[in-house]
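Heads up: numbering here begins at 1 and tracks the sequence.
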Amino acid sequence: MGVGRFVYTPILPLMHTQAGLSAGTGANLATANYVGYLIGALAGTLLPALVRSTGVLRGCMLALVASLAAMPLTHSTTVWLLLRLGAGVFSALVFVIAVSSLLGHLRDHPAHLPGWAFGGVGAGIALSGALVLVLRTVGDWETAWWASAGLAVALSAAAWGLRPEPAAGPTASAPETRPQAAGPRTHRWFSALFASYTLEGVGYIIAGTFLVAAIEQTSPGWIGSGAWVLVGLAAIPSSALWAALGRRWSRPDLLLAALAVQAVGIALPALVGGVAAALISAALFGATFIGVSTLALGAGAHLRFPRSVALLTAGYSVGQILGPLAVAPLLHHGYHQALVLAAVVVLAAALAALVLRIGFPHHLPAPMSQGTRREPAGPTGSS
């Protein structure tokens with residue numbers, strides 16, 4: 001999923017210079033991918049049988065590989081849009097199935113173990129970024145897409161034996177609404193969390209799409225691709241580290257800290273420039289963007305708000321769609337203004353997280369059944 005979803009970021013500058021891709025079309029391709037991701041996430045939510053199907057998981061992995069391999073076969077913008085749309089759908093379903101399996105099978109294991117598994121997204125980013133970094137000196141944008149498809153084939157082979165989460169039995173699912181009635185009303189905290197996570201979707205995806213291109217505007221080309229590798233490397237341990245911090249601090253505190261750090265990281269290449277700023281930016285961004293997701297989803301599960309994960313994922317996905325569209329008018333002047341706007345939006349997400357801290361119910365009544373014991377097994381542990 002890390003390859004299929006994010007390899008577009010380091011390849012984007014190559015497509016600008018070698019395939020004649022305009023900045024506006026590049027933003028549109030990114031938006032198509034995020035629309036597909038929303039469709040896939042909603043499909044996994046509304047059709048639970050998909051999430052429990054080994055055939056769907058394997059089919060999506062193969063389709064994701066095909067969407068990468070088909071990119072260099074055409075110069076049609078319409079076909080590219082459809083391919084990135086499909087890649088979004090398939091990567092979302094792979095992610096939803098993998099996370100459901102992860103949290104289901106590791107429910108009674110220490111929180112850092114699921115955290116390391118989430119680091120697989122970072123590993124995919126790092127591997128694909130390193131691949132493009134090497135190939136940019138010996139190949140072209142088409143070679144980069146072919147090589148990323150080959151990498152995705154190898155990773156799909158390694159993931160082929162993953163078992164989706166089994167269907168919940170009636171004793172696990174029937175009492176799902178009973179503990180909610182026993183606890184306090186959590187609507188106001190969930191509203192602040194929803195606003196924060198949706199704003200994060202807007203700000204994070206602007207950086208996640210255009211960070212490499214922005215760095216390459218003022219630095220040697222290899223710095224941009226190298227920074228993207230660093231993003232992935234920093235992301236690998238991030239969820240596990242945030243989970244460890246969760247033993248001492250609450251999720252709202254950690255969410256606020258992660259968003260503030262991320263805003264600084266996003267703004268650095270635009271406000272400071274230079275190689276050092278680019279590398280620091282990559283490290284801060286990589287260390288926070290997966291951590292923010294696991295913290296926010298863990299907080300939603302802790303609040304036991306009905307369908308919290310689905311609602312938060314939908315808001316985050318809508319934010320990702322809006323992000324590239326919001327900065328498209330700014331791209332005519334380069335990418336730095338887009339990064340500044342992204343940093344401002346992430347700061348707004350941090351302010352919403354600050355509101356979440358006010359009176360946050362750190363201790364809720366214990367769930368009354370096995371079916372509601374999912375929250376402590378989230379990737380950030382208990383607060």
Side-chain angles (χ1 to χ4, degrees), residues 5 27 30-31 33-35 37-38 41-42 88 92 186-211 214 231 235 238-239 242 250-271 281 284-303 305 307-331 335-358 360 380:
R5 181 101 192 280
T31 300
N33 186 251
Y34 309 141
V35 170
Y37 194 83
L38 174 60
L42 291 176
T186 57
H187 293 73
R188 68 185 181 95
W189 294 293
F190 184 82
S191 297
L193 178 64
F194 181 84
S196 178
Y197 197 49
T198 300
L199 288 169
E200 160 68 359
V202 176
Y204 130 81
I205 206 61
I206 295 172
T209 304
F210 302 119
L211 182 64
V231 168
S238 63
S239 287
W242 287 108
S250 70
R251 285 193 183 93
D253 289 336
L254 292 174
L255 185 60
L256 173 61
L259 289 168
V261 169
Q262 186 182 109
V264 172
I266 292 173
L268 269 178
L271 300 180
S281 167
L284 295 180
F285 181 69
T288 53
F289 80 94
I290 297 179
V292 167
S293 291
T294 55
L295 287 167
L297 294 177
H302 170 80
L303 291 171
F305 192 85
R307 302 180 68 80
S308 63
V309 172
L311 290 171
L312 290 170
T313 301
Y316 189 70
S317 299
V318 170
Q320 291 180 113
I321 294 168
L322 295 177
L325 296 177
V327 299
L330 304 176
L331 300 182
Y335 295 99
H336 287 175
Q337 292 182 10
L339 290 189
V340 172
L341 178 60
V344 170
V345 173
V346 174
L347 277 178
L351 290 176
L354 183 62
V355 173
L356 176 67
R357 292 180 68 250
I358 301 174
F360 186 82
T380 56

Checklist entry - Name the one of L351, L354, V261 that satisfies side chain to side chain contact (heavy atoms under 4.5 Å, CB included) with L256? => result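 Going through L351, L354, V261 one by one, the side chain to side chain contact (heavy atoms under 4.5 Å, CB included) with L256 is satisfied by L354 alone.
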
So [Y] and [X], do their side chains get closer than 4.5 Å, heavy atoms only?
X: V346; Y: L199; value: no
X: S317; Y: Q320; value: yes
X: L295; Y: W242; value: yes
X: F190; Y: L356; value: no
X: Y204; Y: V345; value: no
X: F210; Y: L331; value: yes
X: S196; Y: L259; value: yes
X: F285; Y: I266; value: yes

Checklist entry - Between the side chain of W189 and the main-chain N/O of G300, is any donor-acceptor distance below 3.5 Å? => result no

Checklist entry - Is it true that a side-chain atom of H336 and a backbone atom of A214 form a donor plus acceptor pair closer than 3.5 Å? => result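 Between the backbone of A214 and the side chain of H336 there is a qualifying donor-acceptor contact (under 3.5 Å).
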
If you look at every heavy atom in [X] and [Y], which pair is closest and at what distance?
X: L42; Y: A314; value: CD2-CB, 4.5 Å
X: P324; Y: I205; value: CD-CG2, 3.8 Å
X: A260; Y: A350; value: N-CB, 4.3 Å
X: A343; Y: A267; value: CB-CB, 3.7 Å
X: L193; Y: A296; value: CD2-O, 3.6 Å
X: A41; Y: A92; value: N-CB, 3.6 Å

Next on the checklist: Set out, in order, the CA-CA distance, both residues' side-chain angles and the distance that settles side chain to side chain contact (heavy atoms under 4.5 Å, CB included) for D253 and R357, then state yes or no.
Outcome noted: CA-CA 7 Å; D253 289 336; R357 292 180 68 250; 2.3 Å; yes

Next on the checklist: Determine whether Y316 and T198 satisfy the following criterion, side chain to side chain contact (heavy atoms under 4.5 Å, CB included), listing intermediate values before the conclusion.
Outcome noted: CA-CA 4 Å; Y316 189 70; T198 300; over 6 Å; no

To the nearest 0.5 Å, what is the distance between [atom1] ([X]) and [atom2] ([Y])?
X: N33; Y: R5; atom1: CG; atom2: CZ; result: 5.5 Å
X: E200; Y: L312; atom1: CD; atom2: CG; result: 12.0 Å
X: I290; Y: S238; atom1: CD1; atom2: OG; result: 5.0 Å

Checklist entry - So Y34 and T209, side-chain hydrogen bond (donor to acceptor under 3.5 Å, both in side chains) or not? Walk me through it. => result CA-CA 11 Å; Y34 309 141; T209 304; 2.3 Å; yes

Checklist entry - Does the pair T313 and L297 meet the rule for a side chain to side chain contact (heavy atoms under 4.5 Å, CB included), with working shown? => result CA-CA 8 Å; T313 301; L297 294 177; 4.2 Å; yes

Checklist entry - Quick one: do the Y197 and S293 side chains pair a donor with an acceptor below 3.5 Å? => result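 Indeed, the side chains of Y197 and S293 share at least one donor-acceptor pair under 3.5 Å.
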
